[in-house]
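None of the values given here were measured: they were computed from a predicted structure. Both ligands and their constituent atoms are indexed starting at 1 by order of listing. Only this structure's heavy atoms are used, side chains among them; waters, hydrogens and symmetry mates stay out.
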Amino acid sequence: MTPGPTRPAGPRVPCIIVHGGAGADPGEGREELRDGIRAAVVAGFAVLERGGRSLEAVEQAVRVLEDHPRFNAGRGSVLTEAGTIEMDASIMEGDRLDCGAVAAVADVANPITLARGVLESRRHVLLVGDGASAFARRLGMPACAPEQLITDRRRAQHAEWMRKQAVPAGGGTVGAVALDRHGTIAAATSTGGMVGKLPGRVGDSAVIGAGTYADSTIGGVSCTGDGEATIRVVLARRALEYLKEADDPHYAAHVAIDLLVDEGRGSGGLILLDWRGRLGYAQSTPLMPVGWMTPARGGPEVPF
Ligand code: GLY
């Protein structure tokens with residue numbers, strides 16, 4: 001790989017970009033998706049504006065979408081073949097490559113906060129299932145009954161899946177990437193996974209390097225889409241390699257999605273932010289809700 005541009009010292013203009021999952025265009029209800037993305041961008045940017053860390057900004061942005069029932073994360077997560085909920089999440093800070101992830105957790109309202117707890121513990125990177133739940137209790141996170149996270153919409157979708165063994169590619173995984181004033185980049189991703197997945201299946205959103213990656217000397221990435229395909233090509237890390245080579249976020253995002261389709265044999269999307277605060281995004285699906293905010297451009301932009 002050719003060396004990328006060197007990152008000069010000094011304060012940065014903070015910036016955040018958020019996605020709400022690549023998938024089919026639902027046709028109706030876009031305003032609800034826009035409201036959710038806008039609220040997440042505003043929550044994350046508020047952290048950056050007051051001088052807070054990008055790690056906190058991406059966690060707060062993702063929590064807003066985990067709490068929003070229209071997205072496939074936290075409340076509103078899709079159901080497994082067994083009709084249960086199993087959520088994955090990961091978070092990374094790009095200065096020291098600190099990262100944390102959880103997989104197949106059923107009883108926390110905000111898996112991204114649990115993933116951050118794993119990161120802050122600096123003992124492990126990935127906790128799964130009952131072990132992740134036990135760690136949540138150790139951190140003082142209250143247990144949340146899985147029924148509280150399951151919406152009527154997801155019950156109906158599960159019933160349709162059981163009848164047909166297929167439903168339209170739903171999307172709804174959520175993610176955020178932010179750059180703070182100190183030049184630190186963080187990225188976060190959270191999901192309920194795929195409709196009708198086998199219990200125990202873990203997707204890319206829990207896999208550092210596949211669904212999420214951040215390196216403050218290059219940039220940060222959060223992915224969405226077919227988890228198996230994304231893992232196959234280690235998409236988030238590969239997108240940063242393209243970014244380092246080309247120094248062009250828009251180009252890097254598009255080349256990475258070509259890789260996902262051609263070599264990964266799947267579909268999806270990603271958002272990306274480079275160390276200068278330039279953003280890029282791309283998807284191979286009909287829709288990927290995105291939004292972003294920088295001081296230079298005023299209020300949040302939600303161009304979908
Ligand atoms: N990209 C989300 C999943 O496949 O689980």
Side-chain angles (χ1 to χ4, degrees), residues 18-24 58 62 65-66 68 70-82 84-92 101-106 108 111-112 114-115 126-129 132 149 154 157-158 161 166-177 187-213 220-239 253 256-257 259-261 263-272 281-290:
V18 168
H19 73 78
V58 294
V62 166
L65 298 174
E66 286 177 336
H68 193 302
R70 263 309 290 275
F71 297 90
N72 174 19
R75 193 160 90 83
S77 288
V78 299
L79 304 187
T80 67
E81 191 181 75
T84 54
I85 216 163
E86 294 192 355
M87 301 171 289
D88 300 339
S90 59
I91 190 165
M92 182 160 185
V102 292
V105 285
V108 292
I112 199 64
L114 182 54
L126 172 61
L127 292 179
V128 307
L149 303 174
R154 294 307 187 191
Q157 184 187 47
H158 178 253
W161 193 89
V167 290
T173 291
V174 305
V177 185
T189 312
S190 182
T191 191
M194 293 167 66
V195 188
K197 65 185 180 181
L198 289 176
R201 178 263 189 186
V202 174
D204 62 301
S205 304
V207 180
I208 295 293
T212 305
Y213 204 80
V221 179
S222 170
C223 301
T224 160
D226 296 335
E228 281 70 13
T230 303
I231 291 172
R232 215 172 270 137
V233 296
V234 200
L235 187 62
R237 179 63 213 173
R238 293 286 289 279
I257 291 304
L259 175 77
L260 175 69
V261 173
E263 291 183 29
R265 306 185 302 282
S267 66
L270 62 82
I271 55 172
L272 183 153
Y281 61 97
Q283 86 262 15
S284 66
T285 56
L287 182 70
M288 180 173 71
V290 288

What's the separation between atom [atom1] in [X] and atom [atom2] in [Y], rounded to the nearest 0.5 Å?
{"X": "Leu235", "Y": "Asp204", "atom1": "CG", "atom2": "CG", "value": "8.0 Å"}
{"X": "Ile85", "Y": "Leu79", "atom1": "CD1", "atom2": "CG", "value": "6.0 Å"}
{"X": "Thr84", "Y": "His158", "atom1": "OG1", "atom2": "NE2", "value": "7.5 Å"}

#### Entry: salt_bridge(Glu86, Arg201) N-O dist < 4.0 Å
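So Glu86 does not pair with Arg201 through a salt bridge.
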### Query
At a non-hydrogen distance cut-off of under 4.0 Å, which region of Arg201 contacts ligand 1 (side chain, backbone, both, or neither)?
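The side chain, only.
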### Task
Output yes when the distance from some N or O of ligand 1 to some N or O of Gly193 is under 3.5 Å, and no in every other case.
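Such a contact does not occur with ligand 1.
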### Message
Any nitrogen or oxygen of Asp204 lying under 3.5 Å from a nitrogen or oxygen in ligand 1? Just yes or no.
### Response
yes
### Query
So is Glu228 in contact with ligand 1, going by heavy-atom distances below 4.0 Å?
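Checking ligand 1 against Glu228, which is what was asked, there is no heavy-atom contact under 4.0 Å.
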### Task
Can you sort out which atoms of ligand 1 are near Ser205, meaning under 4.0 Å from one of its heavy atoms?
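That gives atoms 1 (N), 2 (C) of ligand 1.
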### Task
Check each atom of ligand 1 against the heavy atoms of Gly225 and keep those under 4.0 Å away; list them by number with element.
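Heavy-atom distances to Gly225 below 4.0 Å select 1 (N), 2 (C), 3 (C), 4 (O).
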### Task
Check whether the side chains of Ser222 and Thr189 place a donor and an acceptor atom closer than 3.5 Å, and report yes or no.
yes
